[in-house]
Amino acid sequence: MKDLLKDIHSLLLEKNYKISFAESCTGGLIQKLITDRSGSSSYFEGGLVVYSNRLKNDLLGVPIDILERYGAVSSECALAMVNGLFKLTQADICASVTGIAGPSGGSKDKPVGTVYFAFKFQDSRETYLRHFAGDRDIVRQSSAEFVLTKIKDFLTRG
């Protein structure tokens, strides 16, 4: 993870890109990892931790009908979160994560470890679904690592 963060730091500085995050189940872990590195203020625009549906709606503009129809743990919600985040921050790279870290909260359709991600890389948007096995810490850490890996992939290809 340390090398991944170092590479992201160097690439963001080199490309002069700004980055921001909207986190639910990771509770700010990604933002903590990014800001642990001195100099991150050059590229880290900011982020939000939005656990409740009310804040997803109020701060990020996630439509109530998406939350009611698909739920907060859905690709539709993750995409709406990343779109709202971009409206707020105008960052070159925006990422959102929403899921069920456990140990409670899971269901048959969305078991613990279900996590949705959305990314806005310049003009493109991508969504992903992953299922992580393990306890709460493992789900959150795996989710953070997935986001950071995708960001590095984008930075090295774009």
Side-chain angles (χ1 to χ4, degrees), residues 1-67 70-101 114-130 132 136-158:
M1 178 76 85
K2 192 173 185 178
D3 287 341
L4 178 61
L5 288 162
K6 180 181 174 189
D7 291 346
I8 289 169
H9 175 82
S10 298
L11 288 163
L12 286 168
L13 288 173
E14 175 188 316
K15 293 177 182 282
N16 197 31
Y17 284 167
K18 300 291 186 190
I19 193 165
S20 63
F21 302 94
E23 298 182 66
S24 187
C25 68
T26 48
L29 176 60
I30 301 165
Q31 294 168 76
K32 181 237 184 275
L33 292 168
I34 287 290
T35 58
D36 278 349
R37 182 166 297 277
S38 178
S40 60
S41 60
S42 298
Y43 51 80
F44 180 60
E45 193 67 21
L48 297 168
V49 176
V50 286
Y51 244 54
S52 71
N53 286 352
R54 182 178 65 80
L55 287 185
K56 285 177 180 75
N57 174 256
D58 288 353
L59 299 178
L60 294 174
V62 176
I64 296 295
D65 65 311
I66 284 179
L67 295 167
Y70 302 103
V73 179
S74 66
S75 60
E76 292 83 1
C77 182
L79 188 57
M81 287 170 65
V82 90
N83 288 334
L85 180 66
F86 175 68
K87 279 178 102 172
L88 286 172
T89 67
Q90 298 295 303
D92 302 291
I93 301 170
C94 297
S96 69
V97 57
T98 183
I100 305 165
T114 301
V115 185
Y116 289 89
F117 305 87
F119 299 89
K120 183 221 161 276
F121 299 125
Q122 293 174 317
D123 294 328
S124 71
R125 284 166 176 73
E126 302 172 5
T127 59
Y128 298 89
L129 166 62
R130 292 293 179 270
F132 299 111
R136 183 176 186 81
D137 287 338
I138 290 171
V139 171
R140 289 164 43 107
Q141 189 70 29
S142 297
S143 297
E145 190 168 344
F146 179 81
V147 168
L148 296 169
T149 299
K150 284 291 177 193
I151 289 169
K152 182 184 175 192
D153 289 348
F154 167 75
L155 289 167
T156 54
R157 75 172 188 239

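At least one donor-acceptor pair closer than 3.5 Å links the side chain of Glu23 to the backbone N or O of Gly28. Between the side chain of Ser24 and the backbone N or O of Val50 there is at least one donor-acceptor pair closer than 3.5 Å. The main-chain N or O of Gln122 is never found under 3.5 Å from a side-chain atom of Asp92 such that the two would form a donor-acceptor pair. One N or O on the side chain of Ser52 and one on the backbone of Leu55 form a donor-acceptor pair closer than 3.5 Å.
Side-chain contact between Ile34 and Leu148 is present, with heavy atoms from C-beta onward closer than 4.5 Å. A 4.5 Å side-chain heavy-atom check between Tyr116 and Tyr70 finds every atom pair outside the cut-off. When side chains are defined from C-beta on, Leu88 counts as touching Leu60, because their heavy atoms get closer than 4.5 Å. Between Phe132 and Gln141, the closest side-chain pair of non-hydrogen atoms is not below 4.5 Å.
In this structure, a donor-acceptor pair under 3.5 Å is absent between the side chains of Ser75 and Thr127.
Of all heavy-atom pairs between Lys150 and Phe121, the closest is O-CZ, 3.9 Å. Between Arg125 and Asp123 the shortest heavy-atom distance is NH1-O, 3.9 Å.
The aromatic ring centroids of Phe117 and Phe146 lie less than 6.0 Å from each other.
The salt bridge (Lys or Arg N to Asp or Glu O under 4.0 Å) search around Lys152 returns Asp7, not counting sequence neighbours.
A cation-pi arrangement is present between Lys120 and Phe86 under the rule of less than 6.0 angstrom and at most 45 degrees off the ring axis.
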